[in-house]
Amino acid sequence: MPISLTLPQPDGGLARYDLVGRPLERPTVAPVFNRIAYAAAHVVSDPRRDARPWEAPAIDWERTMAFRHHLWSLGFRIAEAMDTAQRGMGLDWAGAQELIRRSLAEAKTVPGADLACGAGTDHLNPADARSLDDVIRAYEEQVGFVEKHGGRAIMMASRALARLAASPDDYRKVYGRILGQAKDRVVLHWLGDMFDPQLAGYWGSRDFAPALETVLSIIAENRGKVEGIKISLLDNACEVALRNRLPEGVLCFTGDDFNYAELIEGDGQKYSHALLGIFDAVAPQASKALAALAAGDAATFRAVIEPTVPLSRKIFEAPTQYYKAGVVFLAWLNGHQDHFTMPAGMQSARGLLHYAEVFRLADRANVLDRPDLAAARMKNLMTVLGVGQD
């Protein structure tokens, strides 16, 4: 008999839903890809110790590290302490330092494991920043911390810089100073304001074309210190425009959770590598697809990864910054954690109808790894939210 449950409909009604998905078989060894693939990983809260979730959320470090082993086993690098880990939305710099320390140490226990760590200025309240030197010092502290512990930095966008910068030259000054001091090559991060409204006008303009010129000039001036740039604008034309103009040896990492399938496959001449939050939620599917692409089997790549795109677009729908709720929701359904709670209570950022549709799309994309468990947990959630089950 099919597994079924009652789910709410957009019109306010209820309907039975029969699960149709088929879980993927896991690889016995970590596969090899021909694209660099970073999964931006979430953190697991600890509700048994979480007395002040908005102010000082407790983290379940054992489950958080176990999830990173899950990603490494599927062939991914990890983008640590990034937006997906609720940086600035539940995870402060003190928590990020602990996460970075633990993940770097854990990676040393896993042959072939790799990760890069987010370094920004989130410990500097934008309202308290008085000068670009304040921003530079904040970046120096975080990049220095990552490097001191043996890590490589992903230079995250700065809310304080977005507030203070008066021109593109201000961005060149700050980025030039930090990149000039970096020990290793750094990944830059172009995060659109759909992910963080406080980043509107980043690079000195609200328009793409002049912002692109500023980014390219920063990369050209610091080429030896830039491994690549992650672009998260949810606009594939913008990413292709950037990708086509990057200097030789500087990589483009797609952060486009709407169009990643086509951007990773490429246009026959150029392609994007990946640094994606959605890979946290669809890791087995993305792993199988990327392994197929590496083997020259583009048909299997498309067949496996394309069904995940509607799911990702739902999870990342506006307000996009709340996508973390959908990512953790799927981690809970798939048994990677025993509860559906998040730092800062962020699970409340999405509603019943959103979670119902994410469930349906995840099933259709074969993302529910343990359908019986996922259905049982979804029934419990629906009951708590007022949708009774037979």
Side-chain angles (χ1 to χ4, degrees), residues 19 21 23-24 26 37-48 50 53 57-87 89-91 95 99 102-103 106 115 257 275-288 308 311-312 314-316 321-350 354-382 384:
L19 276 71
L24 297 184
R26 297 296 178 88
Y38 284 96
H42 75 282
V43 295
V44 182
S45 67
D46 186 350
R48 296 181 183 180
D50 211 348
I59 304 300
D60 183 334
W61 293 113
E62 182 177 353
R63 284 297 182 96
T64 295
M65 291 300 110
F67 192 79
R68 279 129 184 86
H69 281 272
H70 160 69
L71 294 173
W72 282 322
S73 74
L74 291 167
F76 292 102
R77 299 184 185 187
I78 291 173
E80 190 56 279
M82 298 288 291
D83 191 57
T84 306
Q86 294 182 240
R87 276 297 281 276
M89 293 184 71
L91 186 73
L99 177 61
R102 287 175 178 267
S103 291
E106 200 72 22
L115 75 161
D257 299 277
L275 198 166
L276 288 161
I278 193 58
F279 279 2
D280 179 298
V282 302
Q285 294 69 35
S287 175
K288 181 175 180 178
T308 69
L311 168 64
S312 186
K314 184 64 182 180
I315 289 174
F316 284 79
Q321 66 264 36
Y322 299 134
Y323 76 86
K324 297 92 166 171
V327 168
V328 176
F329 173 62
L330 288 175
W332 173 59
L333 291 182
N334 283 328
H336 295 292
Q337 54 194 76
D338 294 332
H339 56 83
F340 182 34
T341 64
M342 299 172 64
M346 194 59 66
Q347 70 276 5
S348 65
R350 299 293 200 188
H354 178 85
Y355 291 126
E357 184 61 10
V358 168
F359 182 89
R360 285 186 285 257
L361 291 170
D363 173 50
R364 294 166 190 161
N366 303 311
V367 169
L368 300 181
D369 299 333
R370 300 162 62 184
D372 288 338
L373 175 67
R377 290 186 167 183
M378 190 63 176
K379 287 180 181 180
N380 288 339
L381 179 64
M382 291 294 101
V384 169

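Below, all heavy atoms of this structure are taken into account, side chains as well, without hydrogens, waters or symmetry copies.
Residue Ala365 comes nearest to Gln285 through the heavy atom pair O-CG, 4.0 Å, listed as atom of the first residue, atom of the second, then distance. Closest approach of Pro53 and Gly345 over heavy atoms only: CB-N, 4.4 Å. Here the closest heavy-atom approach between residue Met65 and residue Glu106 is recorded as SD-CB, 4.0 Å. What you find for Ala286 and Phe76 is that their closest heavy atoms are CB-CZ, 3.7 Å. Closest non-hydrogen pair, Val367 versus Ala281, comes out as CG1-O, 3.6 Å. Smallest separation of non-hydrogen atoms from Ala356 and Met378: CA-CE, 3.7 Å.
The closest side-chain heavy-atom distance from Leu99 to Val43 is below 4.5 Å. Met342 is listed as a side-chain neighbour of Lys324, based on a closest heavy-atom distance under 4.5 Å. In this structure the side chain of Pro371 never reaches within 4.5 angstrom of the side chain of Asp363, judged on heavy atoms. The shortest distance between side-chain heavy atoms of Leu74 and Arg26 falls below 4.5 Å. Between Gln347 and Phe329 there is no side-chain heavy-atom pair separated by less than 4.5 Å. Taking 4.5 Å as the limit, every side-chain heavy atom of Asp50 sits out of range of all side-chain heavy atoms of Thr341.
Here CZ of Phe67 is found 5.0 Å from NE2 of His336. Values are rounded to the nearest 0.5 Å. To the nearest 0.5 angstrom, Tyr355 atom OH is 10.0 Å from Trp332 atom CH2. Note that the NE2 atom of His70 and the CG atom of Asp369 stand 7.0 Å from one another [nearest 0.5 Å]. How far CD1 of Ile78 is from OH of Tyr38: 11.0 Å, rounded to the nearest 0.5 Å. To the nearest 0.5 Å, atoms OG (Ser45) and CD (Gln337) are separated by 6.5 Å. One distance of note links CG of Leu275 with CZ of Arg77; it measures 10.5 Å at 0.5 Å rounding.
Of the possible donor and acceptor atoms, none in the side chain of His354 sits under 3.5 Å from a partner among the backbone N and O of Gly326. In this structure, Asp46 contributes its side chain and Ala58 its backbone to no donor-acceptor pair below 3.5 Å. Using a distance-only test at 3.5 Å, with no hydrogens or angles considered, no donor-acceptor pair links the side chain of Arg370 to the main chain of Pro23. In this structure a side-chain-to-backbone donor-acceptor pair under 3.5 Å is missing from Asp257 to Phe316. Listed for the Thr64 side chain is a donor-acceptor partner under 3.5 Å among the backbone atoms of Val44. A distance-only check finds no donor-acceptor pair linking the side chain of Asn334 to the backbone of Val282 [under 3.5 Å]. Side chain of Gln86 to backbone of Leu91: no donor-acceptor contact under 3.5 angstrom is found.
Classification of the His69-Trp72 ring pair by plane angle, with boundaries at 30° and 60°, yields perpendicular.
Looking at residues two or more places apart in sequence or on another chain, you find a side chain to side chain contact (heavy atoms under 4.5 Å, CB included) between Ala374 and Leu333, Phe359, Leu368.
Between Ser312 and Tyr323, the side chains place no donor N or O within less than 3.5 Å of an acceptor N or O (distance only, hydrogens not considered).
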Stepwise side-chain hydrogen bond (donor to acceptor under 3.5 Å, both in side chains) test for Ser103 and Glu80: CA-CA 8 Å; Ser103 291; Glu80 190 56 279; 2.5 Å; yes
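The salt bridge (charged side-chain N to carboxylate O under 4.0 Å, His left out) contacts involving residues 327-348 comprise Arg63-Asp338, Asp338-Arg377, where partners must be two or more places apart or lie in separate chains.
Salt-bridge annotation for Asp60 and Arg48: absent, with no side-chain N of the basic residue lying under 4.0 Å from a carboxylate O of the acidic one.
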